[in-house]
Amino acid sequence: MTSRTAEVDLEDLLRQALDATGEHPRWTIDADEMWCRLTPQSATPRKQGWKLHVSATSVSAPEVLAKALDVLLREESVFKFARSLEKVGALNTRATPRGSSGKFITVYPRSDTDAARIALELHRATAGLAGPRILSDQPYAVNSLVHYRYGAFTGRRRLSDEGLLVWFIEDPAGNPVEDKRTGRYSPPAWAVSPFPAAVQPAPRAGREPGQPVLLGGRFSVREAIRHTNKGGVYRGTDATTGRPVVIKEARPHVEADATGCDVRDWLRAEARALEKLSGTGLAPELLAMFEHGGHLFLAQEEVPGIPLRNWVAEHFRDVGGERYRADALAQAERLVDLLAAAHAQGCVLRDFTPGNIMVGPDGALRLIDLELAVPADDAALPTTVGTPGFSAPERLEGAPVAPSADYYSLGATVCFVLTGKVPALLAEEPAGRAAQQRLADWLDACAGTLRLPDGTAGMILGLMKDDPAERWDPARARAALRRTERVPSGQPAAAPARGDAGHDATRAAAAGIVDHLIGSMTPKDELRLWPVSTLAGEADPCTVQQGAAGVLAVLTRYFELTGDERLPEVISTAGHWIAARTDTRSPRPGLHFGGRGTAWALYEAGSAVGDRALVDHATALALATQQPTPSYDITHGTAGSGLAAAHLWQRTGDPRWAELVVGAADRLVADARRDPAGVSWPVPAEAVTTEALLEAGASEEAGKRYLGFAHGTAGIASFLLAAAAVSGRRQYLDLAAAAGEGLAAAAVRVGEAAQWPSQAGDVPTAPYWCHGSAGIGSFLLRLWQATGDDRFGLLARQAAGAVVERASRAPLTQCHGLAGNGDFLLDLAAATGDPAYRTSAEALARLIVAERAHRNGHVVFPNEYGEVSTGWSDGSAGILAFLLRTHHKDSRHWMFHQPG
């Protein structure tokens, strides 16, 4: 960024404009971290309507704002703008969500008439200035910075059918409708536009019904591979040759810097790299570079095969850990040779990652997505754009072009191929352990299940040294690989002994999590008691899944097991915070997203600290008539509500809970779908109602028969086992056994490991609690205990094989990861008396602890998205629950425990 641009303060421009016009007394100004918002004293609040957006780049933003203020300060409409050039840049990155990108200024007109008039004036005022197209909106005119869409003016949110908080507007009848912010202009059918006849949207590559798109007069688009803010990537056909092609699109002004360079320049750089590598077989052949509708396109030959990232997951799934190990070592050698060959051609790649390498049908590797590649002697500007975990640390800080940065990426990519992932090492505050040592600790924790040849971990660490000058080059890495001795097939894994040090590390991590949960609680916050990640959507702040109830339950258990004197006050405060925000009149169904899961947590908390008010509120919440639901599952539906009732019956003996258990079980009996393969509960059509699901192609969701614990057969049947224990009714046990038969038929065995697809007939999914082996195995284990049928016990053990085999690849959490997997292994250890399962669970705990980060005396962990969360399903609470069980022979959360 030039010094002149960097010195511009957008809020100073506002103050100058207010002083110049004398309008200051008429406006109220407030600001948060992102926005500066102006409200006229005469403002008439509106909940929704046609709103305006004005785009800009980091360079053009000062002039766009100055010209827009000339218009807006004369008006009576509320507006806001991004308060700094840094925030403007954040709105325009290639990674910005397409539904929010580019929106530098937002105007909330007082009326539709004002909207049309202000849009015209802003269009004229900003004509000729630079800014990206806003994908969620309609442009006011061709090449205009002004856009419009119909949406919410105030932040009104409600829970969707999936239990996630969504923004909403109201239709003319007053019914709530989700206000979706997607990468496509799609106004409600009933919203009448006050603007002039709409211009045609900017050209969008893709297939229109019955009419293929022809780009550059030569390339017919067949389908989209992906859409991002920077543009799409498409498959198509070269009309001149009939050969398959890949076409990449770059939109103007995305990721623009102070010099005016943007992603179009990246695409030009990729073309130069392809030309440099032409004829080598290392990369696709460049076919054409052309503009279409102001967007830049690059056409290249389509490379057959799959990305290395996909190969790692799919090949392991299909061949099992034993064979994969040998294939992965061979792939590592190919990676070393691929990078060495690119460097020999004078190319520094700057983004050598599993997503940018294709594995051909013959196993050969080729480079793709070379937009950051530059000649080794190029004086190209440094860039901070890269892939976290794979890009060298100095690269992400703007270091000059250097081959040594590629060595780091080679090490990370080899690590990914051999172990299944690169650990997410969160920054420590204050800076503590070196990244090199933390990576070494994690690789050491992997040793028990990976059985890699001696020297392999040392090679990875050599390539990924913190100091670029000390990193191994490809020649040294190749020599190390060729010296390694392959582990003979069938040799048993030898997990390293943990000893007291390992147990102490786990205890210290658990205590550090508790410190974090206590320190991060914000009872004065009306919206959220503990911080959570919302990248996958934001749930009710009081529920088990992602809310305060999940954290409360684990802190209650920690207090019961350890007697930590700090916790009674924390538990009482959290419990009353939740009670004040849970309505006992009509709670939502389900365990993880519903009221009865929250009631479960409140009941245990109140009992633990002797708070009768919490126990009474929990009882009222659990006994309240729930909202009707078409869903059957544990997380959202009837089975989850019934499971919570079964737990409360077991705790109290109150017959009212037993009646709720029987009512839930009877519904499941009535709605079960029986066929020769077993029994299942297909997703009802009425459960698929959200526009989000329909847009994602989930109009076919209705009728799907999910198998897993969270959303399907295993969880539902696990509740039926509980219902049989509560009621003594044989029909519930028989139906659970029939469900087990269906799960047995759907199992996919590779070696000694059993895996399952999300639904019968699909390829197997990862072995987690939500859909895979850990959750299904948890049910089969209980079915074996209830029936004595050894087939189900054997299948549960084979499910554990899949869990252990995949340990190094997994995230850390309960829903999708090591904590939930480890809880299943501890269940097996308790049920079978086999200490090997506890040993395996402790190995998983060691993997978790190796990814910890210390922050101001607390211990935190990354979730699947590399963020810190406290939640049960995706964060520290669920991890703490598992770590506690490795030291205390304690029962598993959110499960019914059969009477002895």
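Position 1 is the first residue of the sequence, and the numbers go up from there. Keep in mind that what you see is a predicted model, and the values were worked out from it rather than measured.
Within a 6.0 Å sphere centred on CD of Q627, other residues, nucleotides and ligands contribute more than 12 heavy atoms. Residue Q650 places its CD atom among more than 12 non-hydrogen atoms of other residues, nucleotides or ligands, all under 6.0 Å distant. No more than 12 heavy-atom neighbours from other residues, nucleotides or ligands sit within 6.0 angstrom of CZ on R673.
By the 4.5 Å heavy-atom criterion applied to side chains, S607 and V615 are counted as neighbours. Inter-residue side-chain proximity for F559 and P568 is flagged as met; some heavy-atom pair is nearer than 4.5 Å. Residues W577 and K524 have side chains not in contact (no heavy-atom distance under 4.5 Å, counting atoms from C-beta outward). Between R656 and L648, the closest side-chain pair of non-hydrogen atoms is not below 4.5 Å. A 4.5 Å side-chain heavy-atom check between W756 and H771 finds every atom pair outside the cut-off. Using a 4.5 Å heavy-atom threshold, the side chains of P767 and Q755 count as separate. The shortest side-chain heavy-atom distance between I716 and Y706 does not fall under the 4.5 Å cut-off.
Here the side chain of E560 pairs no donor or acceptor atom with the backbone of A608 at under 3.5 angstrom. The backbone N or O of D890 lies less than 3.5 Å from a partner atom in the side chain of R885, making a donor-acceptor pair. Under a 3.5 Å cut-off, the side chain of S631 and the backbone N or O of D633 do not form any donor-acceptor pair. Looking at T765, its side chain never comes within 3.5 Å of a backbone N or O of P757 through a donor-acceptor pair. Checking side-chain atoms of T886 against main-chain N and O of L883 turns up a donor-acceptor pair under 3.5 Å. Side-chain atoms of T638 never come within 3.5 Å of backbone atoms of T629 as a donor-acceptor pair (strictly under, hydrogens ignored). With E867 contributing its side chain and S533 its backbone, the two residues share no donor-acceptor pair below 3.5 Å. Side-chain atoms of T635 do not come within 3.5 Å of backbone N or O of H592 as any donor-acceptor pair. A donor-acceptor pair under 3.5 Å links the side-chain atoms of R557 to the main chain of S891, judged by distance alone. Under a 3.5 Å cut-off, the side chain of T870 and the backbone N or O of P531 do form a donor-acceptor pair.
Salt bridge absent: R797 and D790 never bring a charged side-chain N and a carboxylate O closer than 4.0 Å. Using a cutoff of 4.0 Å between basic side-chain nitrogens and carboxylate oxygens, E604 and R651 are scored as salt-bridged. Taking 4.0 Å as the cut-off between side-chain N and carboxylate O, D762 and K704 do not count as a salt-bridged pair. Salt-bridge check for R782 with D827: passed, with a basic side-chain N closer than 4.0 Å to an acidic carboxylate O.
Looking at R892 and S778, their side chains do bring a donor and an acceptor atom within 3.5 Å of each other. Side-chain contact of S869 with D874: a donor-acceptor pair under 3.5 Å is present, judged by distance alone. Side-chain atoms of S160 and E178 form no donor-acceptor pair, as typed in the model, at a separation below 3.5 Å.
Annotation: the span from S680 atom OG to Q759 atom CD amounts to 10.0 Å, rounded to 0.5 Å. Rounded to the nearest 0.5 Å, atoms CD (Q545) and OG (S873) are 3.5 Å apart. Remark: I513 CD1 to H858 NE2 distance equals 12.0 Å, nearest 0.5 Å. Interatomic distance, CG of L517 versus CG of L529, reported as 10.0 Å (0.5 Å rounding). Residue L623 holds its CG atom at 6.5 Å from CG of L660, rounded to the nearest 0.5 Å.
For A796 against G777, the heavy-atom pair with the smallest separation is CB-O, 3.9 Å. Residues L591 and V544 come closest through the heavy atom pair O-CG2, 3.8 Å. The heavy-atom pair separating A664 from F719 by the smallest distance is CB-CZ, 3.8 Å. For T556 against I571, the heavy-atom pair with the smallest separation is CA-CD1, 3.8 Å. Across G822 and L844, no two heavy atoms sit closer than the pair N-CD2, 3.7 Å. For the pair G537 and Q546, the tightest heavy-atom approach, listed with the atom from each and the gap, is O-NE2, 3.1 Å.
Aromatic rings of H893 and W769 (six-membered ring for Trp) have centroids beyond the 6.0 Å cut-off, not under it.
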Are T584 and H617 close enough, and set up right, to give a side chain to side chain donor-acceptor pair (under 3.5 Å), and what steps lead you there? CA-CA 8 Å; T584 60; H617 184 83; 5.7 Å; no
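D834 pairs by the salt bridge (Lys or Arg N to Asp or Glu O under 4.0 Å) definition with nothing, not counting sequence neighbours.
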Side-chain donor-acceptor pairs of residues 725-733 under 3.5 Å, sequence neighbours excluded:
{"unit_1": "S727", "atom_1": "OG", "unit_2": "A723", "atom_2": "O", "d": "2.7"}
{"unit_1": "S727", "atom_1": "OG", "unit_2": "R729", "atom_2": "N", "d": "3.1"}
{"unit_1": "R729", "atom_1": "NH1", "unit_2": "Y732", "atom_2": "OH", "d": "3.2"}
{"unit_1": "R730", "atom_1": "NE", "unit_2": "D734", "atom_2": "OD1", "d": "3.0"}
{"unit_1": "Y732", "atom_1": "OH", "unit_2": "D666", "atom_2": "OD1", "d": "2.6"}

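With respect to F779, the side chain to side chain contact (heavy atoms under 4.5 Å, CB included) criterion is satisfied by exactly one of L783, L781, I776: L783.
Classification of the H636-F593 ring pair by plane angle, with boundaries at 30° and 60°, yields parallel.
Under the 6.0 Å distance and 45° angle rule, R596 does not count as a cation-pi partner of W600.
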